[in-house]
Amino acid sequence: GYDAWLGTLEGTGKGTIEGAGAWFGTVIVNEQHEVIESARAEWCKAAEELYGIQPSVSQTAGEGASGLLLGTFGSSALLDEALGPDASSAVTGPEGFLIRADRERRRIAVGAKTPAGVLYGVFHLLRLLRTGAVPEELNAVENPVNGLRMINQWDNMDGSIERGYAGKSIFYENNRITENLDRIRDYARLLASTGINAIAINNVNVHRYETMLLTKEYLPDVAKIAAVFRAYAIKLFLSINYASPLEIGGLSTADPLDPNVRAWWKSTAADVYAAIPDFGGFLVKADSENRPGPFTYGRDHADGSNMLAEALQPYGGLVIWRCFVYNCKQDWRDRQTDRARAAYDHFMPLDGRFLDNVILQIKNGPMDFQVREPVSPLFGGLEATNQVIEFQITQEYTGQQRHLCYLVPQWKEVLDFDTYAKGEGSPVKRIVDGSMFGSRHSGFAAVSNIGDDTNWTGHLLAQANLYGFGRLAWNPELSAEEISREWIRQTFGAEEQVVRTVMGMLMDSWSIYESYTAPLGVGWMVNPDHHYGPNVDGYEYSKWGTYHFADCHGIGVDRTVATGTGYTAQYKGRNAEVYESPADCPDELLLFFHHVPYTHRLHSGKTVIQHIYNTHFEGVERADGLKEAWAGLAGSLPDELHGQVAERLAHQAVHAREWRDIINTYFYRKSGIADEQGRTIY
Ligand code: BDP
């Protein structure tokens, strides 16, 4: 699993392509640029691995030459001629590319406006070849839909990873930056191959050592990592501690309006850019879950972020400011403290007050990466503020990479959700790609799921989530099926039974996980702190604002305007009405928005209690089904890879039973209502 989707095609051996020697035997490239050099190296490595060809590299070639031509537009007459006259108009964005094949000459040309575009073009070419394209049919134009396509590492310098489920950090050990850059380089390759162009390399919870990454002691090592990513056209960002002026600056305040604080950040920015001239900027978690922020000084988040933005502005740097801001020490006495309301309540009044190089990073839902949540109403609410959407690839609440949960279908639902921001037809994807409100900066960010496990993601099939995130950030119109098919074919080869089976497993997995965990959008019900495994009341009587309110009469959170927290009013148009009404609210979100009796009848025709029983019994059967489907692939995949996944699926099946039994028993005891089908509930 180490090579992930960039390896040889498992089980299928070297590919054969008619005339491969002519098509792939030469690379013609005449530019000196490290990103183009990466593109060339990727091509040569893959040609060797896939076809057993070691291409020769040349700078020039005669008109009739065959082979692969690489470069930016205008870099050679031969390339321009091979790409055709419409090339530069077809490639609209700086990172787009064009691929053109010439059957007669046995020549493929990859051209772009920038070296980054050339690299993406080569990776796309390899993707096409790995998924069965024949050279003569290669013709493609691609332009990424989203500008920022970013990964967030939640890595700590002691080597641990917050919410990491695949081993230790590949970036840090013993509070130092690792000296082993090879693994980081391989990670950069994987990310760039999916189109990722930015990375924040430390946890958003920035503690003592991570705070020091901004100091002259650590910056030279940070610069080494930046150099690795630079060769793959990925910009490096750091998460910063808002209290840095106090903790490492020797000041007595971090007040964003204090002149000394402002001067300190300016000189710190100068140090950072002296070490890393193309540094991306800062990612900031402030006033959230006990992290410091401008609230301490009676300032708001526009004051707080704009101050940093001014410091970075001379260098073109960005401030990515997270909206995951809520009171984590609350009780429910005051309806207004509904945690779901918090981000909107904090940030809506600030819309339009942020500088141009500030971007708000908004989690997909209002709570926290649950298996099911509505879409954050900030999407469609904010109109005059740069925004990126934040997804969680690491499976904190979706099985922690021990359970299978392919998240692309969930992300697709979020992206396709109609916000009604400008009336019908205002989906989230048009807001986060910047087109709806003409935002200067916009895009996707997500929390990574990798660690130093050999296969990167612990669960081999969880690689599909990392791959899928990058692909979706590049083009949110790709379907979850298409993305899974691409990933499977590049990872496991083309055998039809393998492709069909794995795709079926991936596509069902989110719904399976949802079916045996917290029901109908209510969320949580996990063990506190580590968040793995069932615990219905684990968060029920704590301060985190994460409740289900189950008693002997009913369950769910009343978030209506009429009788509840008023959260539904944060939505626009039809959404506000649909969510306000228990009769209209979609089943899968009913308990997120309403407190209902167990006998409440869903649109499905089932009562809430019967739905809980049914889905939990079926969920276990479906988890067993995953295990069996995979067992059927023994012999069609390398034993080692097959074994890894089989082991996880066996655990999942057992653990799904634990979920079923705890949830069903709890609700049977609370409600006193028996299962219609008389199944045993312990
Ligand atoms: C929650 C995690 C916590 C993170 C936080 C965040 O439990 O570890 O620090 O999100 O996004 O999901 O900042």
Side-chain angles (χ1 to χ4, degrees), residues 152-169 172 202-210 239 241 285-292 322 324-332 337-340 342-343 363-373 390-403 405 407 446-451 453 457-459 462 513-514 516-519 522-550 557 648 651-652 654-656 658-659 661-663 666:
N152 293 178
Q153 296 298 136
W154 282 1
D155 295 36
N156 301 314
M157 289 190 65
D158 64 5
S160 64
I161 303 177
E162 181 144 351
R163 312 307 176 188
Y165 310 108
K168 301 279 240 179
S169 173
Y172 313 103
N202 61 306
N203 190 0
V204 288
N205 296 316
V206 187
H207 295 290
R208 183 170 159 225
Y209 284 99
E210 299 81 28
S239 299
N241 178 348
K285 171 174 179 176
D287 293 315
S288 166
E289 299 184 330
N290 308 312
R291 303 312 302 146
R322 296 176 83 231
F324 185 60
V325 179
Y326 68 99
N327 178 2
C328 65
K329 293 182 185 142
Q330 62 181 284
D331 61 32
W332 200 265
T337 61
D338 176 3
R339 174 165 162 183
K363 287 192 182 186
N364 62 274
M367 296 297 275
D368 195 5
F369 302 134
Q370 301 301 291
V371 69
R372 175 76 64 175
E373 288 187 42
E390 178 178 331
F391 292 117
Q392 194 182 42
I393 312 175
T394 193
Q395 291 172 238
E396 176 177 3
Y397 293 102
T398 49
Q400 304 197 350
Q401 282 139 250
R402 288 189 252 178
H403 295 233
C405 193
L407 290 164
V447 185
S448 178
N449 64 349
I450 70 109
D453 278 3
T457 52
H459 199 311
Y513 190 76
E514 180 175 24
Y516 58 75
T517 56
V522 77
W524 310 96
M525 302 191 174
V526 288
N527 285 305
D529 304 329
H530 60 74
H531 300 162
Y532 192 67
N535 184 341
V536 181
D537 284 338
Y539 275 105
E540 193 57 15
Y541 305 104
S542 66
K543 61 194 171 156
W544 293 92
T546 48
Y547 312 113
H548 55 64
F549 296 107
V557 189
R648 304 245 162 180
H651 170 80
Q652 177 174 358
V654 172
H655 201 231
E658 189 179 328
W659 272 100
D661 292 342
I662 287 177
I663 302 265
Y666 179 98

S.K.: So do the side chains of R291 and N205 get within less than 4.5 Å of each other, counting heavy atoms only?
M.R.: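 Side-chain contact under 4.5 Å: yes.
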S.K.: Could you check whether any side-chain heavy atom of W659 comes within less than 4.5 Å of a side-chain heavy atom of V526, counting everything from C-beta outward?
M.R.: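 Sidechains of V526 and W659: in contact.
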S.K.: Measure the spacing between CG of D368 and OH of Y326 and express it to the nearest 0.5 Å.
M.R.: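 Going from the CG atom of D368 to the OH atom of Y326 covers 6.5 Å.
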S.K.: Please confirm whether H531 and F369 have ring centers closer than 6.0 angstrom.
M.R.: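 Between H531 and F369, the centre distance exceeds or equals 6.0 Å.
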S.K.: Does V536 form a side-chain contact (heavy atoms from CB on, under 4.5 Å) with I662? I'd like the steps, not just the answer.
M.R.: CA-CA 8 Å; V536 181; I662 287 177; 4.1 Å; yes
S.K.: Give the intermediate values and the outcome of side chain to side chain donor-acceptor pair (under 3.5 Å) for residues K543 and N327.
M.R.: CA-CA 9 Å; K543 61 194 171 156; N327 178 2; over 6 Å; no
S.K.: To check you understand the geometry: which heavy-atom pair defines the closest contact between A342 and V325, and what is its length?
M.R.: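 Nearest heavy atoms, A342 then V325: CB-O, 3.3 Å.
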S.K.: Grab the two heavy atoms, one from G458 and one from A166, that are nearest each other, plus how far apart they are.
M.R.: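 The answer is N-CB, 3.5 Å.
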S.K.: Checking side-chain polar atoms at under 3.5 Å, does N241 have a donor or acceptor matched by the opposite partner on H207?
M.R.: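 There is no such pair (donor and acceptor under 3.5 Å, judged by atom type) between the side chains of N241 and H207.
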S.K.: Quick check against the 3.5 Å criterion: does Q153 have a side-chain atom that pairs as donor or acceptor with the backbone of S448?
M.R.: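 Pair absent, no side-chain N/O of Q153 close to backbone of S448.
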S.K.: Set out, in order, the CA-CA distance, both residues' side-chain angles and the distance that settles side-chain contact (heavy atoms from CB on, under 4.5 Å) for K168 and D155, then state yes or no.
M.R.: CA-CA 8 Å; K168 301 279 240 179; D155 295 36; over 6 Å; no
S.K.: How close do M367 and F324 get, heavy atom to heavy atom, and via which atoms?
M.R.: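 Between these two residues, the closest heavy atoms are O-CE1, 3.4 Å.
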S.K.: Nearest 0.5 Å, what's the NE2-CZ distance between H459 and R648?
M.R.: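 It comes to 7.0 Å.
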S.K.: Side chains of Q370 and V522, heavy atoms from C-beta outward: is any pair under 4.5 Å?
M.R.: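 The answer is no; the side chains never approach within 4.5 Å.
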S.K.: Looking at every heavy atom in both Q395 and C405, which two are closest together, and how far apart are they?
M.R.: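 The answer is NE2-CB, 3.5 Å.
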S.K.: Spell out, as yes or no, whether a donor-acceptor pair under 3.5 Å connects the side chain of T394 to the backbone of R163.
M.R.: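 A pair under 3.5 Å: yes.
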S.K.: Quick check: do R402 and H655 have side-chain heavy atoms less than 4.5 Å from each other?
M.R.: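 With C-beta onward as the side chain, the pair stays apart.
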S.K.: To check you understand the geometry: which heavy-atom pair defines the closest contact between I450 and T457, and what is its length?
M.R.: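 Here I450 and T457 meet closest at CG2-CG2, 4.0 Å.
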S.K.: Kindly indicate, with the supporting measurements, whether the criterion side-chain contact (heavy atoms from CB on, under 4.5 Å) is fulfilled by N290 and K329.
M.R.: CA-CA 10 Å; N290 308 312; K329 293 182 185 142; 3.2 Å; yes
S.K.: Roughly how far, to the nearest 0.5 Å, is the CG atom of N152 from the CD atom of Q392?
M.R.: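 These two atoms lie 10.5 Å from each other.
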S.K.: With a 4.5 Å heavy-atom cut-off, do N156 and S169 have their side chains touching?
M.R.: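 With C-beta onward as the side chain, the pair stays apart.
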S.K.: Measure across A518 and G523 and return the closest heavy-atom pair with its distance rounded to 0.1 Å.
M.R.: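 Heavy atoms of A518 and G523 come nearest at CB-O, 3.4 Å.
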S.K.: Keeping Q401 on the side-chain end and N449 on the backbone end, is there a donor-acceptor pair under 3.5 Å?
M.R.: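 The answer is yes, because a donor-acceptor pair under 3.5 Å joins these two groups.
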S.K.: For the pair V447 and E390, evaluate side-chain contact (heavy atoms from CB on, under 4.5 Å) and give the outcome as yes or no after the intermediate values.
M.R.: CA-CA 8 Å; V447 185; E390 178 178 331; 3.9 Å; yes
S.K.: Please confirm whether the ring centroid of H530 lies under 6.0 Å from the ring centroid of Y165.
M.R.: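 No, they do not, as the ring centres are separated by 6.0 Å or more.
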S.K.: First locate atom CE of M525, then atom OG1 of T546, and finally report the distance between them rounded to the nearest 0.5 Å.
M.R.: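 Interatomic distance, M525 CE to T546 OG1, rounded to 0.5 Å: 11.0 Å.
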S.K.: Quick one: does any side-chain atom of Y539 pair with a main-chain N or O of G545 as donor and acceptor, under 3.5 Å?
M.R.: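 Answer holds: no.
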S.K.: Rounded to the nearest 0.5 Å, what separates atom CD1 in I161 from atom CG in N202?
M.R.: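 Between I161 CD1 and N202 CG, I get 12.5 Å after rounding to 0.5 Å.
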S.K.: Are any non-hydrogen side-chain atoms of Y532 and H403 less than 4.5 angstrom apart?
M.R.: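 With C-beta onward as the side chain, the pair touches.
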S.K.: Is any side-chain heavy atom of V371 less than 4.5 Å from a side-chain heavy atom of Y397?
M.R.: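 Answer no - side chains too far apart.
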S.K.: Taking the side chain as everything from C-beta on, heavy atoms only, tell me whether E289 gets closer than 4.5 Å to W544.
M.R.: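 When only atoms from C-beta onward are counted, W544 and E289 do touch, with a gap below 4.5 Å.
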